[in-house]
2 protein chains.
Amino acid sequence: MTSTQELTKNQSLVFNALARADGPLSAYTILDQLRGDGFRAPLQVYRALDKLLDYGMIHRLESINAFVACSHPHEHNHSHGMIAFAICDKCGQVSEFSDDIITDRVRDWTTSHGFKQSKTTIEIRGVCANCGNA
Amino acid sequence: MTSTQELTKNQSLVFNALARADGPLSAYTILDQLRGDGFRAPLQVYRALDKLLDYGMIHRLESINAFVACSHPHEHNHSHGMIAFAICDKCGQVSEFSDDIITDRVRDWTTSHGFKQSKTTIEIRGVCANCGNA
DNA sequence: TTTCGATATGTGATGTTATTACATTAGTCA
DNA sequence: TGACTAATGTAATAACATCACATATCGAAA
Ligand SMILES: [Zn+2]
Ligand SMILES: [Zn+2]
Ligand SMILES: [Zn+2]
Ligand SMILES: [Zn+2]
């Protein structure tokens, strides 16, 4: 499930929309982009997004209700640590990175508190280097 | 601005609704709870929430579209580091903590990338110790 | 005290994001 | 074939959030 080839038609269409975008897209923006391909209802987008999230090919940005293609295209599912996103509020660009020490600190807290973590969101909002130099 | 006394009527009503709740509440849940106090429209809630967020008295949980009273009632605005939330998907309980090392690591990344951070979200979803022992 | 500006409020309409419910279609495997 | 699972199509609805405009409240300046 880590190759674009095995995707269904709708999943491919949604993934390609995200992959060619230069930033995150909302589900309804994707829907509008794919009307020419036969998309008519939000569920067609959301169902594909759910699968792509499962496969680790895209990420959901909780703080802006949008989705972005994973920037590590050949290592889906991020078997390494948890992922952080830096989101520019000016231009919308998203930088994805992971940090082992943050991963460790979060795991330390959860284990010491008996908390079984399933998914962790780290989103840094601000202004990127390009936009800050304006 | 760090005392409940200086709040307006609507702000007090919304804050008290969150303070007496045992977990996060959505804006519309708050609205329903306050209909008896004269609330009729979402904006009455959202405007109060915005102010309370400004004052640091409440937090917004991005991953569940809900709001929670700050669990550090006497140190609003968290002049210390950034805050992380552990959210139990079973019972809804939220634990709030901050970690200087995580704060440092995030700041290291942002400064080295010229990214001016304004607000950082860290939300850990999972199952708390109580619910995990079921 | 009157005037003014800033803040807060009331209300309806609208915009945006996500899910429910049900019917249909397409592939898989006895 | 039949039975099963996954994927899809569609309409309706739910859940979350903001816009636009009118009104009210309060404190400082004149
Ligand atoms: Zn990724
Ligand atoms: Zn930017
Ligand atoms: Zn707090
Ligand atoms: Zn729990």
Side-chain angles (χ1 to χ4, degrees), chain A residues 1 3-18 21 23-55 57-68 87 89 92 119 121 123 125, chain B residues 1 3-18 21 23-55 57-68 87 89 92 119 121 123 125:
Chain A
M1 287 308 185
S3 158
T4 303
Q5 312 309 326
E6 309 178 17
L7 298 176
T8 68
K9 177 165 169 269
N10 285 4
Q11 288 161 15
S12 293
L13 287 166
V14 170
F15 179 74
N16 289 335
L18 285 171
L25 300 178
S26 78
Y28 279 76
T29 301
I30 296 170
L31 174 58
D32 287 340
Q33 289 190 9
L34 296 181
R35 293 213 185 264
D37 297 290
F39 274 49
R40 323 247 351 203
L43 212 48
Q44 296 175 291
V45 177
Y46 282 109
R47 286 201 274 228
L49 289 171
D50 283 346
K51 286 296 182 186
L52 295 169
L53 287 168
D54 277 352
Y55 302 159
M57 299 176 66
I58 67 172
H59 300 292
R60 175 182 168 82
L61 302 175
E62 306 282 0
S63 68
I64 57 173
N65 295 322
F67 302 84
V68 68
I87 304 167
D89 290 331
K119 181 173 190 296
T121 296
E123 296 179 17
R125 304 286 296 276
Chain B
M1 288 306 184
S3 159
T4 303
Q5 311 308 326
E6 309 177 16
L7 297 177
T8 67
K9 177 167 171 267
N10 284 4
Q11 288 160 14
S12 294
L13 287 166
V14 169
F15 179 73
N16 289 335
L18 285 171
L25 301 178
S26 77
Y28 277 75
T29 301
I30 296 170
L31 173 59
D32 287 340
Q33 289 190 8
L34 297 180
R35 294 214 185 260
D37 297 289
F39 274 49
R40 321 244 356 199
L43 213 47
Q44 295 175 291
V45 177
Y46 282 109
R47 287 200 275 228
L49 289 171
D50 283 346
K51 286 297 182 185
L52 295 169
L53 287 169
D54 277 351
Y55 303 158
M57 299 176 65
I58 66 171
H59 301 291
R60 174 182 168 82
L61 301 176
E62 306 282 0
S63 68
I64 57 174
N65 295 322
F67 303 84
V68 68
I87 304 168
D89 289 331
K119 181 174 190 297
T121 296
E123 295 178 16
R125 303 287 295 275

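Per chain, numbering begins at 1; letters A, B, ... match sequence-line order.
Thr8(B) has a side-chain polar atom (N or O) that falls below the 4.0 Å cut-off from OP1 or OP2 of dT9(C). For Lys9(A), no side-chain nitrogen or oxygen approaches OP1 or OP2 of dA7(D) to under 4.0 Å. Ser26(A) has a side-chain polar atom (N or O) that falls below the 4.0 Å cut-off from OP1 or OP2 of dT17(C). Between Asn10(B) and dG10(C) there is a side-chain polar atom (N or O) within less than 4.0 angstrom of OP1 or OP2.
For Gln44(A), counting side-chain heavy atoms from C-beta on, the closest listed nucleotide (dT10(D), dG10(C), dT18(D)) is dT10(D). Of the candidate nucleotides dT17(C), dT20(C), dC16(D), dT20(C) has the atom nearest to the side chain of Leu43(A).
Distance, Ile64(A) CD1 to dA17(D) C1': 16 Å, rounded to whole Å. Residue Tyr46(A) contributes atom OH, which lies 16 Å from atom C1' of dT10(D) at whole-angstrom precision. Rounding to whole angstrom units, CG of residue Leu31(B) and C1' of dA15(D) are separated by 12 Å. Between Leu25(B) atom CG and dA15(D) atom P there is a gap of 15 Å when expressed in whole angstrom units. Gln11(B) has its CD atom 16 Å from the P atom of dT25(D), to the nearest Å. Whole-Å rounding puts the Phe39(A) CZ to dT10(D) C1' distance at 14 Å. Counting to the nearest Å, the C1' atom of dG27(D) and the CD atom of Glu6(B) are 15 Å from each other. Remark: C1' of dA7(D) and CG of Leu49(A) are 15 Å apart, rounded to the nearest angstrom.
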Inset, instruction - Go through Glu62(A) and Arg60(A) one step at a time and tell me if the salt bridge (Lys or Arg N to Asp or Glu O under 4.0 Å) criterion holds. - result: CA-CA 6 Å; Glu62(A) 306 282 0; Arg60(A) 175 182 168 82; 3.0 Å; yes
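Side-chain N/O atoms of Arg40(B) and base N/O atoms of dG12(C) include no donor-acceptor pair closer than 3.5 Å.
Sequence neighbours left out, not one pair with a member in residues 38-47 of chain A passes side-chain hydrogen bond (donor to acceptor under 3.5 Å, both in side chains).
Looking at which nucleotide of DNA chain C each of Asp50(A) and Arg47(B) is closest to, the 5′-most match is held by Arg47(B).
Residues Gln11(B) and Phe15(B) have side chains not in contact (no heavy-atom distance under 4.5 Å, counting atoms from C-beta outward).
Leu52(A) CG to Ser12(A) OG: the interatomic distance, rounded to the nearest 0.5 Å, is 8.5 Å. Atoms CG and CD1, from Leu13(B) and Ile30(B) in turn, are 11.0 Å apart once rounded to the nearest 0.5 Å.
By the stacking rule of 5.5 Å between ring centres and under 30° between planes, Tyr28(A) stacks on the base of dT17(C).
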